[in-house]
Amino acid sequence: MDLASNPLLFWQDSQCAFGPAYPEQGTKSVRVPRDVRKKWLRVAVLGSCTALAACLFWGSLGGDDGITEVLAHRSEILPGRFIEVPCSEDYDSHRRFEGCSPRKCGRGISDAVITRDEARRIRSIAEKGLSLGGSDGGASILDLHSGALSVGKHFVNLYRYFGDKIQTIFSEEDFQLYRDVRQKVQLAIAQAFGISASSLHLTKPTFFSRINSTEARTAHDEYWHAHVDKVTYGSFDYTSLLYLSDYLDDFGGGRFVFMEEGANKTVEPRAGRVSFFTSGSENLHRVEKVHWGTRYAITIAFTCNPDHGISDPTLT
């Protein structure tokens with residue numbers, strides 16, 4: 001145990017290491033007055049409490065306990081990192097599409113697909129859309145495809161609810177940027193898994209998320225539960241996330257966690273970072289609770305089944 005982490009133990013050991021608090025007078029030791037001993041004890045206990053509070057505070061900046069390996073640190077700039085994992089059996093219960101359905105499974109991270117400037121610009125799309133509403137709880141979504149927008153404890157279709165006002169909120173350039181980013185992410189996934197980009201189809205739900213530390217009001221706000229995308233959404237074959245804010249600069253907590261027995265792996269969000277993975281049980285995952293600040297991201301999902309494909313959103 002590091003003695004510096006426990007002032008009470010450090011205080012006790014220092015008496016052994018450095019001798020009694022008062023010097024000896026001849027061969028006779030001087031007894032420490034009771035009120036002095038009580039004062040020292042109070043100081044030691046106070047020091048211990050202060051150290052404990054500091055540990056809890058700094059721990060809250062990072063997130064949950066139990067993380068054993070960081071796959072991508074926020075300070076790293078990764079041209080590409082890929083970890084292959086054995087495929088689960090989840091895909092066997094769905095129609096397979098040769099040359100697309102996962103045979104090679106894994107997870108990848110790259111900071112070279114989307115630039116920081118592109119991330120900043122696409123985050124502004126999320127901010128503009130979410131300014132029209134927002135959840136009463138800590139998690140809000142904006143889906144430009146279906147029009148779903150969190151408002152209070154419910155969802156509305158922003159295209160119907162706001163009508164022509166949408167033309168003053170978003171621009172055609174916004175939607176073109178959205179399409180460009182989607183295409184770049186799609187190509188990166190195809191290259192990593194050795195499949196044709198044309199065999200991948202955008203699928204629903206694909207959406208922006210904004211998460212803060214506000215207490216959950218409904219089940220929709222409880223984003224932190226572990227789940228498997230292929231189980232939750234049968235159409236998903238490949239999942240990707242584009243992070244639009246920076247871990248520990250814009251928010252604390254909120255890291256992405258791949259859950260593995262005894263060896264969880266985490267991705268620290270960085271604006272412009274793309275994390276992608278096959279959607280089956282081989283990539284069981286969750287997101288840590290956000291403790292402070294605001295975390296922005298966009299989830300972009302792909303399917304191999306053209307029947308489950310959706311089109312890019314358009315302004316008109």
Side-chain angles (χ1 to χ4, degrees), residues 71-72 76-116 118-119 121-122 143-145 175-208 228-244 256 258 265 267 269-285 297-314:
L71 294 181
E76 292 181 283
I77 301 177
L78 299 174
R81 178 172 291 166
F82 185 82
I83 300 94
E84 188 168 352
V85 298
C87 292
S88 65
E89 298 178 354
D90 295 344
Y91 309 99
D92 296 339
S93 58
H94 295 266
R95 181 181 172 190
R96 281 193 168 273
F97 292 83
E98 197 58 38
C100 180
S101 296
R103 298 287 184 186
K104 171 185 177 182
C105 293
R107 54 194 70 148
I109 307 104
S110 177
D111 295 312
V113 177
I114 305 298
T115 67
R116 297 271 288 181
E118 286 173 321
R121 289 161 54 208
I122 202 165
D143 183 337
L144 292 179
H145 301 268
F175 280 70
Q176 184 59 56
L177 173 63
Y178 186 94
R179 291 189 288 269
D180 291 344
V181 165
R182 188 271 303 163
Q183 290 172 348
K184 289 182 178 182
V185 172
Q186 182 172 341
L187 181 60
I189 291 174
Q191 291 176 338
F193 290 99
I195 59 179
S196 170
S198 62
S199 68
L200 291 172
H201 306 276
L202 193 65
T203 194
K204 61 182 179 181
T206 285
F207 58 94
F208 289 104
V228 174
D229 289 344
K230 188 69 176 173
V231 174
T232 306
Y233 308 106
S235 63
F236 279 36
D237 288 306
Y238 300 91
T239 305
S240 67
L241 295 106
L242 168 59
Y243 298 108
L244 306 176
F256 186 95
F258 290 107
K265 310 292 194 299
V267 176
R270 181 180 188 276
R273 171 165 289 169
V274 177
S275 174
F276 55 89
F277 49 92
T278 44
S279 304
S281 298
E282 68 278 2
N283 282 312
L284 172 69
H285 61 274
I298 178 171
T299 299
I300 307 175
F302 295 96
T303 183
C304 296
N305 189 339
D307 294 339
H308 293 152
I310 60 174
S311 301
D312 287 313
T314 58

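Basis for what follows: all heavy atoms, side chains included, without hydrogens, waters or symmetry-related copies. This structure is a prediction, so every number in the text was calculated from the model and none was measured.
- With rounding to the nearest 0.5 Å, the separation of CD in Glu98 from SG in Cys304 is 10.5 Å.
- Pairs of residues two or more places apart, or lying in two chains, that qualify as salt bridge (Lys or Arg N to Asp or Glu O under 4.0 Å) and include a residue from residues 181-193 are Glu118-Lys184, Arg182-Asp312.
- With sequence neighbours excluded, no residue satisfies side chain to side chain donor-acceptor pair (under 3.5 Å) with Glu84.
- When the side-chain contact (heavy atoms from CB on, under 4.5 Å) test is applied to Ser88, the partners found at least two apart in sequence or on another chain are Asp90, Tyr91, Ser281, Glu282.
- Between the side chain of Ser235 and the backbone N or O of Thr303, no donor-acceptor pair lies under 3.5 Å.
- The two atoms that bring Leu241 and Thr299 nearest to each other are CD2-OG1, 3.8 Å, heavy atoms only.
- Applying the side-chain contact (heavy atoms from CB on, under 4.5 Å) criterion to Ser240, with sequence neighbours excluded, gives Val185, Ile189, Phe276, Ile300, Phe302.
- No more than 12 heavy atoms of other residues, nucleotides or ligands sit less than 6.0 Å from atom CD1 of Ile77.
- Here the side chains of Phe208 and Ile122 are in contact, with some heavy-atom distance below 4.5 Å.
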Exercise answer: donor-acceptor pairs, residues 192-199 side-chain atoms, under 3.5 Å, sequence neighbours excluded:
from: Ser196; atom 1: OG; to: Ser198; atom 2: N; distance (Å): 3.3
from: Ser196; atom 1: OG; to: Ser198; atom 2: OG; distance (Å): 2.7
from: Ser199; atom 1: OG; to: Ser196; atom 2: O; distance (Å): 2.6

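- Contacts of Asp307 classified as salt bridge (Lys or Arg N to Asp or Glu O under 4.0 Å), with partners at least two apart in sequence or in another chain: none.
- Interatomic distance, Thr239 OG1 to Arg107 CZ, rounded to the nearest 0.5 Å: 12.0 Å.
- His94 is linked by a side-chain contact (heavy atoms from CB on, under 4.5 Å) to Lys230, counting only residues two or more places apart in sequence or in another chain.
- Take Phe277 and apply the ring pair (Phe, Tyr, Trp, His ring centres under 6.0 Å) test, not counting sequence neighbours, and it matches Phe256, Phe258, His285.
- Every side chain to side chain donor-acceptor pair (under 3.5 Å) that Arg81 has, sequence neighbours left out, goes to Glu76.
- In this structure, Cys100 and Leu200 have side chains that are in contact, with non-hydrogen atoms separated by less than 4.5 Å.
- Every residue two or more places apart in sequence or in another chain that forms a side chain to side chain donor-acceptor pair (under 3.5 Å) with Tyr178 is listed here: His145.
- Side-chain contact between Tyr243 and Val267 is present, with at least one heavy-atom pair separated by less than 4.5 Å.
- The main-chain N or O of Ala301 is found under 3.5 Å from a side-chain atom of Thr206 such that the two form a donor-acceptor pair.
- Gln176 meets the side-chain contact (heavy atoms from CB on, under 4.5 Å) test with Arg179, Asp180; sequence neighbours excluded.
- Between Ser279 and Tyr233 there is no side-chain heavy-atom pair separated by less than 4.5 Å.
- Between the NE2 atom of His201 and the CD1 atom of Ile310 there is a distance of 12.0 Å, given to the nearest 0.5 Å.
- Among all heavy-atom pairs drawn from Val113 and Ala188, the shortest one is CG2-CB, 3.7 Å.
- The CG atom of Leu78 sits 5.0 Å away from atom CZ of Arg273, with the distance rounded to the nearest 0.5 Å.
- With values rounded to the nearest 0.5 angstrom, Arg121 atom CZ is found 10.5 Å from Ile114 atom CD1.
- With hydrogens and angles disregarded, no donor-acceptor distance shorter than 3.5 Å links the side chain of Asp143 to the backbone of Phe207.
- For Ser110, the side chain to side chain donor-acceptor pair (under 3.5 Å) criterion is met by no residue, not counting sequence neighbours.
- Interatomic distance, CG of Asp237 versus CZ of Arg96, reported as 9.0 Å (0.5 Å rounding).
- Looking at every heavy atom in both residues, Gly272 comes nearest to Ala119 through N-CB, 3.4 Å.
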